[in-house]
Amino acid sequence: MGRQAAVVVAASGLVLAAGLPAQAAVSTDRQALEATALSAVTSTGAVSVSAQAPFELATLESVSSVSGAEYRAQLAAEEEAAAAAAAAQEQAAVQAQQAAAVQAEQVVAVQAQTYEAPAAPAAGQAAPAASTPTPAPAPAPVASGVGAGLVASAYAQIGVAQDCTAMVETALRSVGKSVGDLAPAQFFAFGTVVGSPEPGDLVITSGHVAIYVGNGQVISGGFDGMNTVLHPLSYLGGASFVRVS
């Protein structure tokens with residue numbers, strides 16, 4: 001029979017292989033072992049060592065040659081570097097926000113400088129007058145005392161909630177006329193029809209009656225459905241004019 005292979009596993013992790021005779025005494029086996037070159041299997045491959053290597057090889061170093069203290073120091077350094085990087089990133093974000101705020105303030109300042117306030121009037125120059133509503137035109141001179149009384153009564157009733165006939169009836173009573181509850185066409189009985197109106201004349205249509213006050217204006221009750229208002233004569237197309245006697 002041939003030689004048997006013997007494998008010796010050292011405590012250090014080395015695997016030692018040697019050929020042994022199939023049958024031999026202990027002393028013969030020792031002599032054969034001592035005379036045979038051994039092979040040491042390491043992480044880099046198999047290398048040959050002397051026959052005495054199993055009893056003389058030192059224990060292999062551990063996979064990592066870094067001590068515990070050095071490893072902890074390395075971890076602490078890495079953590080410190082990570083914290084420093086995070087702080088730097090946060091500071092950069094704050095600086096970016098501050099820069100944006102400063103830029104926004106500068107834009108507002110430029111806009112404020114660009115805006116020009118309305119120029120004040122020059123010295124000695126009067127400021128423009130505020131816009132005011134155009135007052136109602138003053139009544140034109142009347143032809144008679146009756147017409148003046150009717151115009152005055154019509155102006156006094158502006159804003160009163162009433163219909164057209166009630167307004168004219170009140171005006172006629174103010175100049176001494178006895179008037180009942182009339183329809184618009186019945187007011188023809190209080191005077192003479194004329195071709196062109198004068199202040200104080202009655203303005204009569206088929207369904208409305210008013211008083212002409214001059215300057216192309218009339219006063220009507222119930223014109224907007226309720227109130228007594230001043231409005232242009234042109235609103236009452238086809239009207240007849242009655243001069244109260």
Side-chain angles (χ1 to χ4, degrees), residues 104 107-245:
V107 170
V108 172
V110 171
Q111 291 176 348
Q113 293 175 356
T114 303
Y115 171 75
E116 295 181 359
Q125 181 180 0
S131 176
T132 55
T134 303
V142 295
S144 66
V146 173
L150 292 174
V151 170
S153 177
Y155 269 105
Q157 296 181 72
I158 290 178
V160 176
Q162 59 188 346
D163 62 21
C164 63
T165 57
M167 191 275 293
V168 177
E169 289 165 1
T170 299
L172 289 173
R173 292 189 189 105
S174 72
V175 295
K177 303 295 180 178
S178 178
V179 181
D181 187 7
L182 304 176
Q186 292 177 299
F187 286 92
F188 281 102
F190 287 89
T192 304
V193 176
V194 296
S196 59
E198 292 182 359
D201 290 349
L202 306 183
V203 181
I204 304 173
T205 66
S206 60
H208 188 74
V209 62
I211 295 177
Y212 182 74
V213 296
N215 297 326
Q217 302 289 314
V218 299
I219 293 177
S220 294
F223 180 76
D224 56 356
M226 183 63 67
N227 295 324
T228 303
V229 298
L230 176 71
H231 63 84
L233 174 61
S234 60
Y235 288 4
L236 302 176
S240 299
F241 308 109
V242 174
R243 189 159 296 157
V244 179
S245 56

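As a basis for the values below, the full set of heavy atoms in this structure was taken, side chains included, without hydrogen atoms, waters or symmetry mates.
- Aromatic ring pairs are classed by plane angle as parallel below 30°, tilted from 30° to 60° and perpendicular above 60°; the pair F223 and H208 is perpendicular.
- A pairwise comparison of heavy atoms in L233 and P197 identifies CD2-CG, 4.2 Å as the closest pair.
- What you find for P199 and V151 is that their closest heavy atoms are C-CG2, 3.8 Å.
- Taking all atoms of both residues into account, the shortest heavy-atom contact from T205 to A239 is CG2-CB, 3.7 Å.
- You'll find the side chain of F190 reaches within 4.5 Å of the side chain of L182, heavy atoms only.
- Remark: side-chain polar atoms of S153 are not paired, donor with acceptor, to backbone N or O of G149 under 3.5 angstrom.
- Separation of atoms CG (L150) and CG (D201) is listed at 9.0 Å; rounding is to 0.5 Å.
- To the nearest 0.5 Å, atoms NZ (K177) and OG (S245) are separated by 5.5 Å.
- Here the rule is side chain to side chain contact (heavy atoms under 4.5 Å, CB included) with F187, and of L202, V242, V244 only L202 fits it.
- Two residues are said to be in side-chain contact when any heavy atoms from C-beta on lie closer than 4.5 Å; L236 and H231 meet this criterion.
- Looking at T228 and V160, their side chains come closer than 4.5 Å, going by heavy atoms from C-beta outward.
- At least one side-chain heavy atom of M167 sits less than 4.5 Å from a side-chain heavy atom of I219.
- Counting heavy atoms from C-beta on, the side chains of S240 and F188 come closer than 4.5 Å.
- Scanning all heavy atoms of the two residues, the minimum distance from D181 to Q186 falls at O-OE1, 4.4 Å.
- With values rounded to the nearest 0.5 angstrom, D163 atom CG is found 11.5 Å from S220 atom OG.
- The heavy-atom pair separating A171 from I211 by the smallest distance is CB-CD1, 3.5 Å.
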